[in-house]
Undergrad: 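Dropping a structure here in structure tokens format, bear with me for questions.
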Amino acid sequence: MEYNFREIEQKWQSFWKNNNTYKTEIDQLKPKYYVLDMFPYPSGAGLHVGHPLGYIASDIFSRYKRLKGFNVLHPMGYDAYGLPAEQYAIQTGQHPAVTTKKNIARYREQLDKIGFCYDWNREIRTCEPDYYRWTQWAFIQMFNHYFNTKLQKAQSIESLVKIFETNGTAEIHTSCTEELNFTAGEWKSKTEKEQQEILLNYRIAYLADLKVNWCSALGTVLANDEVSEGVSVRGGHPVEQRVMRQWSLRVSSYAQRLLDGLNTIEWTESLTETQKNWIGRSEGAEMTFNIKDRDFNFEVFTTRADTIYGVTFMVLAPESELVKQLTTVEQATAVENYVAATKKRTERERIADRRVSGVFSGSYAINPVSGTEIPIWISDYVLAGYGTGAIMAVPAHDSRDYAFAKYFNLPVIALIEGCDVSEESFDAKEGIMMNSGFLNGLTVKEAIQKAKEYISEKGIGRVKVNFRLRDAIFSRQRYWGEPFPVYYKDELPYMLDESKLPLELPEIDKFLPTEKGEPPLGRAQNWETEDHFPLELNTMPGFAGSSAYYLRYMDPKNDKALVSKEANQYWRSVDLYIGGTEHATGHLVYSRFWNKFLFDLGLVCEDEPFKKLVNQGMIQGRSNFVYRIKDTNTFVSLNLKDQYETTAIHVDVNIVSNDVLDTEKFKNWNPEYKNAEFVLEDGKYHCGWAVEKMSKSMYNVVNPDDIVEKYGADTLRLYEMFLGPLEQSKPWDTNGIDGVHRFLKKLWTLFYKEDTLIVNNETPGAEELKILHKTIKKVTFDIENFSYNTSVSAFMICVNELFTLKCSKKQILEPLTILIAPFAPHIAEELYHILGNEDTVCDAVFPICDEEYLKETAVKYPISFNGKVRFMLELPADMSKEDVERIAMANEQTLKYLEGKSPKKVIIVQGKIVNIVL
RNA sequence: GCCCGGAUGGUGGAAUGGUAGACACGAAGGACUUAAAAUCCUUUGGCUUCACGGCUGUGCGGGUUCAAGUCCCGCUUCGGGUACCA
């Protein structure tokens, strides 16, 4: 009987489905394990061969854990809201729900072919009302809470109101949009509207006038992580800064906890670093500078308080409030012109064009330590949004300040002994201080510390921590997203009652903004509450639905809560999360924030949502080229192309095999090539190749369906893992898949010789047991370390060795079958049944390595001289060091290599190597 | 600029400081076959030798060590992230 993968895979896929093999339920008797994939956005293009890489890896781990006796939760769903479906809707009029549904069906079909062990009973879609009512619900909770900075946790807004009523703002510890000051009496005398407006200043979900990233091409604002280098991440459209009244989430208040949490989870170093940088904690000092001849002062933030004696000017951001206050009458026109000019430039232009520019304000500040007068300038290299929007400039030790000083001819005072600032600034935090009064003679590090203490003592400033992390803009002027559970009364936002959830997305006639420029929801009929209050027209951003989906999988059908206490107590958090690095600063920040918020409310029992995270590498494309001789329809094979003048043309990789072109298929591929002629080498047309992004335009997209059709799902699974280390980016190269397929066929031949089952019950010998247990040991270790490429090779070695021994013994083959089941579940299930089992291999027991079988009786010692191996010497494994040395030294080959000299030293590493030093 | 990760045969890639190149692809030769496919066997880093063998070899230059692809220092180079963040 041949290895008929088509029949086998179909048979077991329906068996698993019919038997609910992958249905998961709470089982208090078993330890739980939660394995999660980053759920996909179902795009119209379907899956290419790169997408399943992470899914296969997590599938292997899930199956492995199950075989190890864990109750494994391994769910899948769809991140179904998103821009592409809406853009497509605008172009075609096709409702995004329809497109999305269709795409999901296609994804599911493709996923099913690969034989994943997902519990589809738990499937979720972020665009379904049953799901997004909990996204809306979470938003309401955020609206109803504020962040207590002293306790570092969220607390109810009612409790804040109580504080206002008794003490005003005197002793509050909160995150807020701007610092407000009022007494209890003042609070009580305010109108309802005024109070509500004030509370928005503290709520975790708040509405405020903010400087936002506006993308006119997409017609919406974007969060910081959705913008890169001044253009939108999706689509690459220009983004400009605008002030708009928008919903935001006070993510920044969780900055410290988001940072601290990173130490409690097992993520890769690079991802942890990326998040740390994104959060951007910087410890420094906020210092107050008085203005010369005026009763006015302002604050700057600096991490280099030690350089206070080197401040030769100050700089304000053009958008800063201080500009107005500090501009003198004489400078007014110049400043106005400058501010107007900067306003016109987009973020992108400012990034692209780094020419130094600025204008003098006319005012002078007084150095609070040295007492010198310092001119105050205005320049766009200072950002309004960071720190206080004003800096003290130390040109000697900051390259940006240096460039500015040189351009405007401002003085540069070096503060570190021996540094040369004639050509560039000295930015390093090292050396001995000079020209710095009480700091002279200290190292920079000591000086930073001393300066901070000094300014605190003298009341000049205070130690301050700043974060780069900004709040998340949460409004989108789009249709295809979660509606906000918000209505407006007297222009102020109010939350719908939870009983009104879900607030369903209404139908509209066109997926475009209204004539008045309102978001698309402005087109909806009767978009108002029962009491005729208008509902919010914005929708939530893409990351809303993905922020708590891992919790919903624990209890997906619950209509009373996002997740029940019981389910959350049992499944707790994700033990293993697999996905790409592209979510490092978006989803992985937002969902950690979201989870921490729910944790503060006592609704989830773990502070961090994802315990361990593994990033699979990106699968790049591998393109093939043909070479057309100029002005002809003749194509020349790769190694002959230099004899002609040719143009390289992308050719569909699916009509190329091992870089050899199927010339007949090529002629049919494109009418243009119908009469193509070829200059061959050895009768073959060899194509060139290059690694590029996998995309339609490069003709290098490989569809997993085609691989499954040709080789089967098990071959696809094994081959994707065999390609290389999971975390490494690598090109997809179908060359080589034959080797993996051959391996499965070879495994099959251990069971069948032609049509006869040749498995027997003979007792295995020491050698066979050693092969088996060596493989168990290696594969177990590799799975635990996500080194799947080497486990595949371990399987190959094992089967090759058993094949050489002609071993078809059940006692060897059965454990091997279980061992390989996580990787190649279909063939494993078939073989497991062939061996006489009736239940599924998924519930077998993972074999355990018995070290007894691995014991070697003899060791082949490499005998090396000065580190160079010269020959091998087989000796008993338990032979003592002394005996090994004695025998090695007496060996006649040793004598030959000694050339009569006596060795200086002999190193024996027992069981490993002998090194003779001459 | 800063941070992180790489660089090993024709190719993908293996190697707790201890025989570099496992495993696989490709290639070459052979067996079976009328032929092809499939399968099986042999060879396969480079140079050198009839051969035994020898020399050389993990991006470059140093170093530590009995022993370095692996550890340390300094470069080159390719990816990824991030940025007038004070």
Side-chain angles (χ1 to χ4, degrees), chain A residues 2 228-229 268-278 280-282 284 300-304 307 315 317 350-351 354 356 379-383 385-394 397-401 403-404 427 466-470 581-582 584-585 615 617-618 620 622 658-660 682 689 691 718-719 722-725 727-740 742-743 745-746 749 781 787 789-798 800 803 860-872 903-909 911-918:
Chain A
E2 284 216 327
S228 178
E229 305 197 345
T268 57
E269 199 183 324
S270 78
L271 191 54
T272 314
E273 276 303 311
T274 305
Q275 287 224 341
K276 277 186 187 162
N277 291 339
W278 187 257
R281 183 181 201 272
S282 81
V300 299
F301 175 74
T302 179
T303 55
R304 294 292 304 272
T307 59
V315 187
R350 273 165 77 162
I351 291 168
R354 292 236 172 124
V356 176
S379 173
D380 66 0
Y381 83 89
V382 173
L383 304 178
Y386 185 78
T388 62
I391 62 154
M392 58 178 227
V394 185
H397 303 292
D398 182 287
S399 54
R400 296 155 302 180
D401 298 345
F404 193 84
D427 291 14
N466 251 324
F467 292 96
R468 205 188 74 102
L469 184 69
R470 298 277 82 107
T581 43
E582 66 274 18
T585 54
N615 288 125
M618 254 235 306
Q620 296 145 302
R622 186 182 186 276
N658 289 329
D659 292 336
V660 173
D682 315 328
W689 62 275
V691 173
L718 281 171
Y719 186 58
F722 190 58
L723 269 177
E727 309 205 3
Q728 191 175 302
S729 280
K730 58 232 158 195
W732 174 267
D733 182 357
T734 311
N735 300 346
I737 196 166
D738 293 301
V740 168
R742 256 171 234 156
F743 155 71
K745 286 204 263 190
K746 204 163 185 176
T749 62
F781 180 83
S787 178
N789 55 329
T790 52
S791 14
V792 176
S793 101
F795 284 125
M796 289 172 168
I797 293 168
C798 177
N800 286 345
F803 184 84
K860 274 188 184 167
Y861 278 96
I863 311 297
S864 58
F865 294 80
N866 290 336
K868 273 185 193 163
V869 175
R870 293 301 178 177
F871 63 94
M872 306 299 282
K904 285 187 192 139
K905 207 179 193 183
V906 179
I907 310 274
I908 314 281
V909 183
K912 277 272 159 68
I913 199 165
V914 176
N915 191 17
I916 297 163
V917 186
L918 292 176

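So you know, we letter chains A, B, ... as the sequences are listed, proteins then strands, and number each from 1.
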Undergrad: Go through the structure and list residues passing side-chain hydrogen bond (donor to acceptor under 3.5 Å, both in side chains) with A:Thr749, not counting sequence neighbours.
TA: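 Expected list: none.
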Undergrad: Report the residue (A:Glu2 or A:Ile391) whose heavy-atom-nearest nucleotide on RNA chain B is the more 5′ of the two.
TA: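 By nearest-heavy-atom nucleotide position, the 5'-most residue is A:Glu2.
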Undergrad: Mind checking the C1' distance from B:G17 to B:U70? Whole angstroms is fine.
TA: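 Per the computed distance, 7 Å lies between those C1' atoms.
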Undergrad: Taking atom C1' of B:C25 as reference, at what distance in whole Å does atom CG of A:Asn735 sit?
TA: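 From A:Asn735 CG to B:C25 C1': 7 Å.
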Undergrad: Do the non-hydrogen side-chain atoms of A:Trp732 and A:Leu723 ever get within less than 4.5 Å of each other?
TA: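 They are in side-chain contact.
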Undergrad: With distance as the sole test, does A:Asn466 use its side chain to make a donor-acceptor pair with the main-chain N or O of A:Ser282 at under 3.5 Å?
TA: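 Checked: no pair found.
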Undergrad: Rounded to whole angstrom, note down the C1' distance from B:U77 over to B:U58.
TA: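 Approximately 16 Å lies between the C1' atom of B:U77 and that of B:U58.
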Undergrad: Would you say CD of A:Glu2 has more than 12 non-hydrogen atoms from neighbouring residues, nucleotides or ligands within 6.0 angstrom?
TA: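 Open: at most 12 neighbouring heavy atoms sit under 6.0 Å from CD of A:Glu2.
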Undergrad: Please tell me which of A:Gln620 and A:Asn658 maps to the more 5' nucleotide of RNA chain B, matching each residue to the nucleotide holding its nearest heavy atom.
TA: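 Its nucleotide being nearer the 5' end, the pick is A:Asn658.
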Undergrad: Tell me whether B:G74 sits syn or anti, counting syn as a glycosidic angle within 90° of 0.
TA: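 Base orientation relative to the sugar is anti.
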Undergrad: Which one, B:C66, B:A86, B:C4, comes nearest to the side chain of A:Tyr386?
TA: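 Out of B:C66, B:A86, B:C4, the nucleotide with an atom closest to A:Tyr386's side chain is B:A86.
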Undergrad: Please list, chain by chain and in numerical order, all residues satisfying side-chain hydrogen bond (donor to acceptor under 3.5 Å, both in side chains) with A:Arg304, sequence neighbours excluded.
TA: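 Applying side-chain hydrogen bond (donor to acceptor under 3.5 Å, both in side chains) to A:Arg304 gives A:Asp306.
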Undergrad: Any chance CZ of A:Phe871 has more than 12 other-residue heavy atoms, nucleotides or ligands included, within less than 6.0 Å?
TA: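 Result for CZ/A:Phe871: enclosed.
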Undergrad: Taking the same atom, C1', in B:G45 and in B:G57, what whole-Å distance lies between them?
TA: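 Between the two C1' atoms, the distance is 8 Å.
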Undergrad: Measuring only the P atom in each nucleotide, how far is B:A83 from B:G13? A whole number of Å is fine.
TA: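 The same atom, P, in both gives a distance of 30 Å.
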Undergrad: Using the test side-chain hydrogen bond (donor to acceptor under 3.5 Å, both in side chains), find all partners of A:Asn658 that sit at least two apart in sequence or belong to another chain.
TA: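 If we apply the side-chain hydrogen bond (donor to acceptor under 3.5 Å, both in side chains) test to A:Asn658, skipping adjacent residues, there are no hits.
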Undergrad: How close or far is atom C1' of B:C66 from atom NZ of A:Lys905, stated in whole angstroms?
TA: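 Distance check: A:Lys905 NZ to B:C66 C1' gives 5 Å.
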Undergrad: With Watson-Crick and G-U wobble geometry limited to distances under 3.5 Å, how should the secondary structure of RNA chain B be encoded in dot-bracket form, using | for bases paired to another strand and [ ] for crossing pairs?
TA: (((((((..(((.....[....)))((((((.......))))))((((....))))..(((((..]....))))))))))))....
Undergrad: Categorize A:Pro731 for me: base, sugar-phosphate, or nothing, with a 4.0 angstrom heavy-atom threshold over every strand shown.
TA: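 Nothing: the residue A:Pro731, judged by heavy atoms under 4.0 Å, touches no strand.
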Undergrad: If I take atom CG in residue A:Asp380 and atom P in nucleotide B:C85, what distance separates them, rounded to the nearest angstrom?
TA: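 Value for this atom pair: 13 Å.
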Undergrad: Ignoring the backbone of A:Pro725, work out which of B:G13, B:U56, B:C25 is nearest its side chain.
TA: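 Out of B:G13, B:U56, B:C25, the nucleotide with an atom closest to A:Pro725's side chain is B:G13.
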Undergrad: Report the nucleotide, chosen from B:A86, B:A67, B:U11, that has the shortest atom-to-atom distance to any side-chain atom of A:Asn915.
TA: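 It is B:A67.
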Undergrad: Compare the minimum distances between each of B:U11, B:G5, B:A83 and the side chain of A:Trp278, then state the nucleotide with the smallest one.
TA: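 Looking only at side-chain atoms, A:Trp278 lies closest to B:A83.
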Undergrad: Measuring from the side chain of A:Glu273 (C-beta onward, heavy atoms only), which nucleotide among B:C4, B:C84, B:A38 has the closest atom?
TA: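 Of B:C4, B:C84, B:A38, B:C4 is nearest to the side chain of A:Glu273.
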Undergrad: Under 4.0 angstrom, heavy atoms only, what part of the nucleic acid is A:Lys745 near: base, sugar-phosphate, or nothing?
TA: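 Sugar-phosphate: the residue A:Lys745, judged by heavy atoms under 4.0 Å, touches backbone atoms but no base.
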Undergrad: In chain order, what residues pass the salt bridge (Lys or Arg N to Asp or Glu O under 4.0 Å) check against A:Arg870, with sequence neighbours excluded?
TA: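 By the salt bridge (Lys or Arg N to Asp or Glu O under 4.0 Å) rule, A:Arg870 matches no residue at all.
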Undergrad: Which nucleotide sits closest to the side chain of A:Arg468: B:A38, B:U82, B:G26?
TA: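 When the side chain of A:Arg468 is considered, B:U82 is the closest of B:A38, B:U82, B:G26.
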Undergrad: Between B:C71 and B:U65, how far is it from one C1' atom to the other, in whole Å?
TA: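 B:C71 and B:U65 have their C1' atoms separated by 10 Å.
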Undergrad: In whole Å, what separates the P atom of B:U16 from that of B:C84?
TA: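 That atom pair is separated by 42 Å.
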Undergrad: Work out how far the P atom of B:U19 is from that of B:A28, and round it to whole angstrom.
TA: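 After rounding to an integer number of Å, I get 33 Å for this pair.
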Undergrad: Please classify the nucleic acid contact of A:Arg870 as base, sugar-phosphate, or nothing, using heavy-atom distances under 4.0 Å.
TA: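 Since only primed, P, OP1 and OP2 atoms lie under 4.0 Å of A:Arg870, the category is sugar-phosphate.
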Undergrad: Could you pull out all residues at least two apart from A:Leu271 that satisfy side chain to side chain contact (heavy atoms under 4.5 Å, CB included)?
TA: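 Per chain and number, A:Leu271 pairs via side chain to side chain contact (heavy atoms under 4.5 Å, CB included) with A:Trp267, A:Thr268, A:Ala584, A:Leu588, A:Leu613, A:Asn615.
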Undergrad: With sequence neighbours left out, what residues match A:Arg622 under salt bridge (Lys or Arg N to Asp or Glu O under 4.0 Å)?
TA: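 If we apply the salt bridge (Lys or Arg N to Asp or Glu O under 4.0 Å) test to A:Arg622, skipping adjacent residues, the hits are A:Asp659, A:Asp733.
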Undergrad: Please determine if a side-chain N or O atom of A:Lys730 lies less than 4.0 Å away from the OP1 or OP2 oxygen of B:G12.
TA: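 No, no such contact exists.
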Undergrad: Could you run through nucleotides 19-24 of chain B and give me one letter per nucleotide, 5' to 3': B if any protein heavy atom sits under 4.0 Å from the base, S if only the sugar-phosphate is that close, - if neither?
TA: B--BBS
Undergrad: Select base, sugar-phosphate, or nothing to describe what A:Gln728 touches, counting heavy atoms under 4.0 Å on all strands.
TA: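 Sugar-phosphate only.
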Undergrad: From B:A86, B:G13, B:C4, pick the nucleotide closest to the side chain of A:Leu383?
TA: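 The answer is B:A86, which lies nearest to the side chain.
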Undergrad: Check side-chain hydrogen bond (donor to acceptor under 3.5 Å, both in side chains) between A:Thr272 and all other residues, then give those that pass, not counting sequence neighbours.
TA: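 None.
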Undergrad: Using the P atom on both, measure B:G9 against B:C32 and round to a whole Å.
TA: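 Roughly 38 Å separates the two P atoms.
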Undergrad: A:Lys868 side chain: which of B:G13, B:U56, B:C25 is closest?
TA: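 Comparing B:G13, B:U56, B:C25 against the side chain of A:Lys868, the answer is B:U56.
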